[in-house]
Protein chains: 2
Amino acid sequence: MPKAPASNHPACTEAARFAAVPPGAPPDPSVCPVRDVLDRIGQKWPLLILIALEPAPLRFSNVQRAVGDISKRMLTQTLRDLERDGMLTRRVYPTKPPSVEYALTALGRSALDPIAALAAWADLHHDTIRAARQQFDAA
Amino acid sequence: MPKAPASNHPACTEAARFAAVPPGAPPDPSVCPVRDVLDRIGQKWPLLILIALEPAPLRFSNVQRAVGDISKRMLTQTLRDLERDGMLTRRVYPTKPPSVEYALTALGRSALDPIAALAAWADLHHDTIRAARQQFDAA
DNA sequence: CAGCATCCCCATCGATACTG
DNA sequence: CAGTATCGATGGGGATGCTG
């Protein structure tokens with residue numbers, strides 16, 4: 001069990017509405033899609049892994065190198081989570097020594113789309129944020 | 001000090017490139033804008049607070065009610081962080097008893113834009129993800 | 001090479017109680 | 001009403017070592 005399921009938080013209905021849900025009200029109140037997704041991509045490693053795999057599929061060690069300082073433990077765990085979510089595929093080649101290739105799925109690729117929008121926003125407003133922080137800290 | 005500064009992670013340059021940075025290379029390698037932003041909005045409360053304030057400014061207690069089950073402790077702390085980032089303003093009315101109104105800034109409002117895109121994605125693909133999980137767990 | 005198991009730390013968050 | 005202060009539990013995640 002990776003973690004507890006997303007909270008069925010009252011404000012999540014707000015979030016869902018904010019997300020421009022279709023006409024019909026969400027039938028399953030026990031899950032908030034927004035939080036469900038954000039819990040994943042909001043973490044450090046999942047995002048970096050998705051980005052690392054964007055240009056091309058990679059093997060375990062190559063993912064580790066691409067991401068940089070992730071431990072094998074977290075890499076394994078995060079890859080599992082992403083595979084479980086259908087964001088990437090895990091293909092084992094029974095060579096000697098074994099090699100495992102990870103590749104984005106269409107779903108994983110499509111996720112990078114809105115993430116890129118967010119990244120663009122971050123890049124655009126980063127200076128403003130940093131300035132705001134400095135001003136705030138002068139107090 | 002809210003938390004440690006964002007890691008100057010090698011893959012962040014990848015992330016930055018992915019975010020379609022302008023021609024010039026980022027001069028400050030010690031900060032990754034993408035992680036900087038994601039560290040915030042990836043957390044539970046900041047997002048819910050931004051969403052709660054989107055329709056209209058709210059006072060402390062009203063934010064708490066709007067968000068739902070957040071403790072005063074986390075609410076205070078998160079509001080501070082968001083204020084520090086320039087995402088919202090804090091205006092104190094010296095009435096008796098005192099009241100404090102929190103309102104989104106233009107920056108905070110603009111942040112909800114890409115977040116909405118992400119939320120829309122989450123809403124759209126949530127079923128697919130849940131299905132992938134169920135299939136994965138059948139093993 | 002890929003990945004699992006173990007240990008352990010410490011940051012985060014909730015609960016509670018108190019103040020201006 | 002709008003916080004601050006303090007304590008305590010919980011679990012995320014790093015380091016290390018072992019296996020197929």
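These numbers were taken from a predicted model, which means no experiment stands behind them. Just so it is clear: chains get the letters A, B, ... in the order the sequence lines come, proteins before strands, and each one is counted from 1. Note that these values count all heavy atoms, side chains included, but never hydrogens, waters or copies made by symmetry.
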Practice problem: State, yes or no, whether a side-chain contact exists between A:Arg59 and A:Tyr102 at a heavy-atom distance under 4.5 Å. | Solution: no
Between [atom2] of [N] and [atom1] of [X], the distance in whole Å:
{"X": "A:Gln43", "N": "D:dG12", "atom1": "CD", "atom2": "C1'", "value": "9 Å"}
{"X": "A:Arg91", "N": "C:dA2", "atom1": "CZ", "atom2": "P", "value": "16 Å"}
{"X": "B:Leu75", "N": "C:dG14", "atom1": "CG", "atom2": "P", "value": "11 Å"}
{"X": "A:Gln77", "N": "C:dG3", "atom1": "CD", "atom2": "P", "value": "13 Å"}
{"X": "B:Leu58", "N": "D:dA2", "atom1": "CG", "atom2": "C1'", "value": "15 Å"}
{"X": "A:Glu101", "N": "C:dC1", "atom1": "CD", "atom2": "P", "value": "16 Å"}
{"X": "B:Ile49", "N": "D:dA2", "atom1": "CD1", "atom2": "P", "value": "14 Å"}
{"X": "A:Lys96", "N": "C:dA2", "atom1": "NZ", "atom2": "C1'", "value": "15 Å"}

Worksheet item: Do you know which of B:Thr78, B:Leu79, B:Leu82 makes side chain to side chain contact (heavy atoms under 4.5 Å, CB included) with B:Trp45?
Response: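 With B:Trp45 as partner, B:Thr78, B:Leu79, B:Leu82 yield a single side chain to side chain contact (heavy atoms under 4.5 Å, CB included), made by B:Thr78.
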In terms of side-chain geometry, is the basic nitrogen of B:Arg133 or A:Asp36 positioned less than 4.0 Å from the acidic oxygen of its partner?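 Salt bridge between B:Arg133 and A:Asp36, a charged N being under 4.0 Å from a carboxylate O: yes.
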With the side chain defined as heavy atoms from C-beta on, B:Ser61 is closest, among D:dC1, C:dG3, C:dC1, to D:dC1
Check your understanding: B:Ser99 has a side chain; which of C:dC13, C:dA2, D:dA2 sits nearest to it?
Key ->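 Minimum distance to the B:Ser99 side chain belongs to D:dA2.
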Give a yes/no answer on whether the side chain of B:Tyr102 brings an N or O atom under 4.0 Å of OP1 or OP2 in D:dC1.
->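 Negative; the distance criterion is not met.
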Notebook entry, point to check: Does a nitrogen or oxygen in the side chain of A:Arg80 sit under 4.0 Å from OP1 or OP2 of C:dC4?
Noted result: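 Yes, such a contact exists.
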- Item | Which atom of A:Ala52 lies closest to which atom of A:Leu58, heavy atoms considered |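 The pair with the smallest heavy-atom distance is O-CD1, 3.7 Å.
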Q | Minimum-distance pair of heavy atoms, taken over all atoms of A:Ile49 and A:Leu88 | A |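 Scanning both residues, the minimum pair turns out to be CG2-CD2, 4.4 Å.
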The reported gap from CD1 in A:Ile129 to CZ in B:Arg40 (rounded to nearest 0.5 angstrom) is 9.0 Å
Item checked: Pairwise distance NE2(B:His125) to CE(A:Met87) - rounded to 0.5 angstrom ->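 Answer rounded to 0.5 Å: 9.0 Å.
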Applying a 4.0 Å non-hydrogen cut-off, can you work out what A:Tyr93 is touching in the nucleic acid: base, sugar-phosphate, or nothing? nothing
Heavy-atom contacts, protein to nucleotides 14-20 of chain D, under 4.0 Å, summarised as B (base), S (sugar-phosphate only) or - (none) per nt, yield BB----B
